[in-house]
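Chain naming here is simple, since letters A, B, ... match the order of the sequence lines and numbering starts at 1 in each. Below, all heavy atoms of this structure are taken into account, side chains as well, without hydrogens, waters or symmetry copies.
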Protein chains: 2
Amino acid sequence: MSTTQTKRPRGRPSAFDYEDALEKALKIFWLRGYEGASMAELTKAMGINRPSIYAAYGNKEELFSKVLRRYMAGPVAYVAEAMHEPTAKQVAEKFLTKSAEFLSNQYNPRGCMIAIGTLFSGEGCEQVQQELTAYRQGYEKALRERFDLAKSKNDLPQSVNTTTLAKYIATVHQGMSVQAISGASREELLAVVEQALSNWPVNN
Amino acid sequence: MSTTQTKRPRGRPSAFDYEDALEKALKIFWLRGYEGASMAELTKAMGINRPSIYAAYGNKEELFSKVLRRYMAGPVAYVAEAMHEPTAKQVAEKFLTKSAEFLSNQYNPRGCMIAIGTLFSGEGCEQVQQELTAYRQGYEKALRERFDLAKSKNDLPQSVNTTTLAKYIATVHQGMSVQAISGASREELLAVVEQALSNWPVNN
DNA sequence: TTATTAATGTACCGTTCGTTACATAAATAC
DNA sequence: GTATTTATGTAACGAACGGTACATTAATAA
């Protein structure tokens, strides 16, 4: 037999699915931000009583951290995927175009949790802010490294400053999240992307 | 005599200066955001007891509203001024370059209150969100109208979509605020501005 | 069966939130 | 002077915050 008997753990079994509940917490944090999401609202959305949340995920900060990991692996997984496009220009196009679609997806809350999450906040959110800053710097760095690779393959002119180019693409992406929250449509976001990429550096 | 006797009002005189205290509240809201700024912190910074704040400015939401007006008239007055530059390109250059300097001014809190304020928030902040959205749409509209004027004077090609161009400039500006909060330096911001404007539409 | 383990639901903890009642103090009006 | 007006400082309000103690329930182990 190839069926592996999964032995049940010792005590009372969980009444909720770990990942499902995390997904529901994600929706709340995404809509409200870290501070704007209250444990009461999270509890209600997750369908779990508070002590079970703390037992399973830790405190609010740790729950948010786990939510961020799920967010990266799910809704914004397209970012990492875009890096695999064959050319630097296609990477940028894919990244921004997919973002425009993502940000105007009617089933998502507006804006990207990582791009524009917890920019201003009260005292005691320093760790959350740092974590989000690290994520932001992370995808900007991924862009830069991808552009460095392109440069080494003559896919980008040697004159290009990859740090600046990556920061520019990240800046447009972050601005697009603000635009999405402020009411921009998919068409408008795509038009901005086209404008933003119309200055792409090319070999002569 | 040309000196006009300013007659003192009836009751006990205020122990604080209205605009000075508003300036101190501005610093707190700018640093913390609307929700992150507590009345306790505001009270302490303004040097006024709470009932006096409520009497002079109304509740927290109204205080924030008055702070926004002061913010527009002071720290970000350069935005309206930039519109008066002689050409559309100079308008965009001035707007973004001044923003880069503003956002990296060591004496300011990071980020622009209006560009990226209260993007995510808990229940009960709808009015503040709407007000900030209106301000954001306001300066984007000012850019568009300035570009329309430029177009009518052949300062911009007739093929230009001014709505898109204005939205693109606003998007870069908003992204720059995120970058500033995430640690970008003045030099980096200025490099992004240069990159962002390298595709400026010109008559052939 | 009995012991052990772990998750559950209830009910509450202390703190902080925005806001306000109220008595007092300091000015003008008469 | 006395009355009136307005701002002040103290002190507290009810509600919401993040977090937890504790008894109970439901599973496995022996």
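The aromatic rings of B/Tyr78 and B/Phe102 lie tilted to each other, with the angle between the two planes from 30° to 60°. Ring geometry for B/Tyr34 versus B/Phe29: interplanar angle under 30°, hence parallel rather than tilted (30 to 60°).
Nucleotide C/dG9 holds its C1' atom 14 Å from the CZ atom of A/Phe16, rounded to whole Å. Protein atom CZ of A/Arg10 is 5 Å distant from nucleotide atom C1' of D/dA29, rounded to whole Å. Look at CZ on A/Phe64: it is 14 Å from P on D/dG19, rounded to the nearest Å. If you take OH of B/Tyr34 and P of C/dC17, they are 13 Å apart, rounded to a whole angstrom. Between A/Glu35 atom CD and C/dT16 atom C1' the separation is 13 Å, expressed in whole Å. Between the P atom of D/dG9 and the CE atom of B/Met39 lies a distance of 15 Å, rounded to the nearest Å. Look at CG on B/Leu42: it is 14 Å from C1' on C/dT19, rounded to the nearest Å. Taking atom CD1 of residue B/Ile28 and atom P of nucleotide C/dG18, one finds them 13 Å apart after rounding to whole Å.
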Taking only distance into account, with no hydrogens and no angle test, what donor-acceptor pairs under 3.5 Å do side-chain atoms of residues 132-141 of chain B form with protein atoms, sequence neighbours excluded?
unit_1: B/Thr133; atom_1: OG1; unit_2: B/Gln129; atom_2: O; d: 2.8
unit_1: B/Arg136; atom_1: NE; unit_2: A/Ser182; atom_2: OG; d: 2.9
unit_1: B/Arg136; atom_1: NH1; unit_2: B/Ile114; atom_2: O; d: 2.9
unit_1: B/Gln137; atom_1: NE2; unit_2: A/Ser182; atom_2: O; d: 2.9
unit_1: B/Tyr139; atom_1: OH; unit_2: B/His173; atom_2: ND1; d: 2.8
unit_1: B/Tyr139; atom_1: OH; unit_2: B/Gln174; atom_2: NE2; d: 3.0
unit_1: B/Glu140; atom_1: OE1; unit_2: A/Gln179; atom_2: NE2; d: 3.2
unit_1: B/Glu140; atom_1: OE2; unit_2: B/Lys167; atom_2: NZ; d: 2.8

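Positionally, the nearest nucleotide of DNA chain C for B/Ala40 lies more toward the 5' end than for the other of B/Ala40 and B/Gly11. Comparing A/Pro9 and A/Ala37 by the nucleotide of DNA chain D whose heavy atom lies nearest to each, the residue mapping closer to the 5' end is A/Ala37.
Using a 4.0 Å cut-off, some side-chain N or O of B/Asn59 falls inside it from OP1 or OP2 of C/dT19. Remark: A/Ser38 is in phosphate contact with D/dC17, judged by side-chain N or O atoms under 4.0 Å from OP1 or OP2.
Using a 4.0 Å heavy-atom distance criterion, B/Ala15 is classed as a sugar-phosphate-only contact.
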> Going through the distances and angles, do B/Arg144 and B/Asp148 end up as a salt bridge (charged side-chain N to carboxylate O under 4.0 Å, His left out)?
Replying inline: CA-CA 6 Å; B/Arg144 174 172 57 74; B/Asp148 282 335; 3.6 Å; yes

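Within 6.0 Å of NZ on A/Lys98 lie no more than 12 heavy atoms contributed by other residues, nucleotides or ligands.
Applying the 3.5 Å distance criterion, the base of D/dT25 shares a donor-acceptor pair with the side chain of A/Arg12.
For the atom pair OG1 of B/Thr164 and CD of A/Gln195, the computed distance is 7.5 Å after rounding to the nearest 0.5 Å.
With hydrogens and angles left out, the side-chain atoms of A/Glu35 and A/Thr118 include no donor and acceptor closer than 3.5 Å.
A heavy-atom distance below 4.0 Å to DNA chain C is reached by these residues of residues 43-54 of chain B, ordered by number: B/Arg50, B/Pro51, B/Tyr54.
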